[in-house]
Amino acid sequence: MPEHYYRDDTVTLYHGDAREILPALGLTADLLIVDPPYAETSLEWDVWPTGWPQLASEVSRSMWCFGSLRMFFDRGPEFTDAGWKMSHNVVWEKANGSGFTTDRFRGVHEHVVHWYQGPWADIHHDVPKTSYSGPNKSARGKLSQTTHTGAIGAHTYTDDGTRLMRSVLYAAAPRKGGHPTEKPVNGLLDPLIRYGCPVGGMVVDPFAGSGAALDAARLAGRRAIGIEGREDYCDSIAQRLSCLTFDFGGAA
Ligand SMILES: C[S@@+](CC[C@H](N)C(=O)[O-])C[C@H]1O[C@@H](n2cnc3c(N)ncnc32)[C@H](O)[C@@H]1O
């Protein structure tokens with residue numbers, strides 16, 4: 001059993017190669033949040049860890065995976081050969097772009113693809129809602145109904161002043177100076193975790209980086225296990241998780 005680098009009531013962190021540690025832990029997770037090296041930069045750690053989708057498929061049946069469209073085109077067979085089926089994707093729109101080439105549109109988004117295995121009905125999927133009081137198109141289309149309540153497909157729809165979160169999530173990237181590819185907790189990791197993992201469930205992040213997903217899971221009332229290959233990043237994660245943090249949303 002690998003030795004942990006950091007542990008508290010809800011989060012455990014391991015230092016090392018995820019491809020060795022993940023199978024050695026012998027765990028089952030409700031949800032994987034994976035932000036792998038895309039192998040598209042000159043960062044020292046940005047090397048595709050061949051074989052990780054197969055190892056991940058042995059840990060959970062549900063996974064959000066960050067990546068560029070190029071990465072998913074290039075590596076797609078590694079996902080599908082491992083048994084992963086794609087359900088859908090969201091786009092993360094960030095305030096500031098990455099990349100400085102002048103011969104193409106300034107890149108201000110990344111993809112997050114949801115993959116699953118087995119029957120869809122067995123996968124926890126609870127789409128977060130946002131409050132909404134704007135005009136309701138469906139209501140306008142059914143003027144004969146006095147209230148907008150009715151059956152749509154297999155679902156009964158009631159206008160309760162909310163709507164499903166949209167598939168483009170805007171969230172400013174965290175401030176510069178920390179981990180170079182840190183993802184924001186609020187507006188991005190938080191809704192992804194709430195969608196795919198029940199309250200009290202287990203999230204696993206095999207490429208933990210800054211520990212943002214571990215932090216997000218904890219703030220949302222989920223448990224988390226992280227793995228990170230660089231010891232200096234593990235040290236930063238341990239410091240981050242040791243600090244008292246403000247609970248932005250609780251475990252709803
Ligand atoms: C894209 S970053 C993750 C960023 C993270 N999602 C965040 O919000 O901070 C990928 C991380 O994986 C780590 N890494 C690369 N190869 C690894 C491996 N084989 N095992 C474990 N960690 C690895 C890198 O050091 C890097 O911190």
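FYI, side chains are in, hydrogens and waters are out, and symmetry mates aren't considered; it's all heavy atoms of this structure. Whatever order the structure lists ligands and atoms in, that order sets their numbers, starting from 1.
Using a 4.0 Å heavy-atom criterion, the residues that approach ligand 1 are G16, D17, A18, D35, P36, P37, W45, H179, T181, E182, K183, P206, F207, A208, G209, S210, A212, E228, G229, Y233.
By the 30° and 60° cut-offs, the orientation of the rings of H88 relative to W120 is perpendicular.
Annotation: cation-pi geometry not satisfied between R61 and Y116 (NZ/CZ under 6.0 angstrom from ring centroid, within 45° of ring axis). No cation-pi contact links K94 to Y170, judged by a cut-off of 6.0 Å to the six-membered ring centre and 45° from its axis. For R230 and Y233, the positive end sits near the middle of the six-membered ring, less than 6.0 Å away and at most 45° from its axis.
Aromatic ring centres of Y195 and W64: separated by under 6.0 Å.
Under a 4.0 Å N-O distance rule, the pair D35/K183 qualifies as a salt bridge.
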